[in-house]
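In this chain, residues are counted from 1 in sequence order.
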Amino acid sequence: NFNKGQIVVNGTAAFSNMNMNNPTSDFRNFGTVSFGNVTFNGRFENHGQVTVSGDFNINANSIFRNTGTMTVNGSMNNNNM
């Protein structure tokens, strides 16, 4: 669980699951990242390569920006509409 703050990936990283619970949480990827599942309430930016083997959940009031490559093998759920 990631409750607040910022994570920036410039190289390679792997997370089994990431839950960004706070709207002030900030994840930015400029490298290569793999996840099991992702659920976020804050800001998620991908400018590199992201692979999600499970589900990718965008919750209300989140900011999602993707200028890179993203593969989601499960469901991509946008609850921010």
Side-chain angles (χ1 to χ4, degrees):
N1 288 331
F2 178 45
N3 291 318
K4 65 179 180 177
Q6 184 179 56
I7 295 174
V8 177
V9 176
N10 290 313
T12 302
F15 300 89
S16 57
N17 293 299
M18 179 174 280
N19 296 308
M20 298 169 64
N21 298 317
N22 191 304
T24 64
S25 58
D26 186 5
F27 181 86
R28 297 175 194 224
N29 175 46
F30 299 93
T32 302
V33 179
S34 62
F35 295 98
N37 293 296
V38 178
T39 299
F40 72 95
N41 295 312
R43 180 181 197 96
F44 188 99
E45 290 189 18
N46 174 43
H47 305 285
Q49 182 174 354
V50 169
T51 302
V52 181
S53 61
D55 295 338
F56 187 83
N57 302 299
I58 304 166
N59 288 336
N61 300 316
S62 299
I63 298 169
F64 172 65
R65 184 171 182 205
N66 181 44
T67 62
T69 302
M70 187 166 193
T71 303
V72 178
N73 293 321
S75 297
M76 187 161 187
N77 303 302
N78 185 355
N79 300 311
N80 192 18
M81 297 176 80

> Just jot down the side chain to side chain contact (heavy atoms under 4.5 Å, CB included) partners of T24, sequence neighbours excluded, or say none.
K4, N22

> With sequence neighbours excluded, what pairs up with N61 under the side chain to side chain contact (heavy atoms under 4.5 Å, CB included) test?
none

> Got T51 and F35 here, is their nearest side-chain heavy-atom distance under 4.5 Å?
no

> Under 3.5 Å, side-chain donor or acceptor atoms of residues 66-73 against the rest of the protein: list the pairs with distances, not counting sequence neighbours.
residue	atom	partner	partner atom	Å
N66	OD1	N46	ND2	2.7
N66	OD1	G68	N	3.3
T67	OG1	H47	ND1	2.6

> Nearest 0.5 Å please: distance from the CD atom of Q6 over to the OG atom of S25.
10.5 Å

> Starting at CD of Q49, measure out to OG1 of T12 and round the result to the nearest 0.5 Å.
9.5 Å

> Just do the side chain to side chain contact (heavy atoms under 4.5 Å, CB included) check on N19 and F2 with the steps written out, would you?
CA-CA 6 Å; N19 296 308; F2 178 45; over 6 Å; no

> Say whether, by atom type as modelled, one donor and one acceptor occur between the side chain of N17 and the main chain of N37 under 3.5 angstrom.
yes

> Hydrophobic side-chain clustering at under 4.5 Å (ILVMFWY, transitive links): who's grouped with F30? Put none if nobody.
V8

> State which residues pass salt bridge (charged side-chain N to carboxylate O under 4.0 Å, His left out) with D55; sequence neighbours excluded, sorted by chain then number.
none

> With T39, which of N57, N21, N1 fulfils side chain to side chain donor-acceptor pair (under 3.5 Å)?
N57

> Under 6.0 Å between the ring centres of F40 and F56?
yes

> Would you call the rings of F44 and F27 parallel, tilted or perpendicular if under 30° counts as parallel and over 60° as perpendicular?
parallel

> Filter on salt bridge (charged side-chain N to carboxylate O under 4.0 Å, His left out), then keep only pairs touching residues 30-50, sequence neighbours left out; what's left?
R28-E45, R43-E45

> Specify the closest pair of heavy atoms between N79 and N59, including all atoms of both residues, with the distance to one decimal.
ND2-OD1, 3.5 Å

> Please check if I58 and I63 belong to a single hydrophobic cluster, counting links between Ile, Leu, Val, Met, Phe, Trp and Tyr side chain heavy atoms closer than 4.5 Å.
no

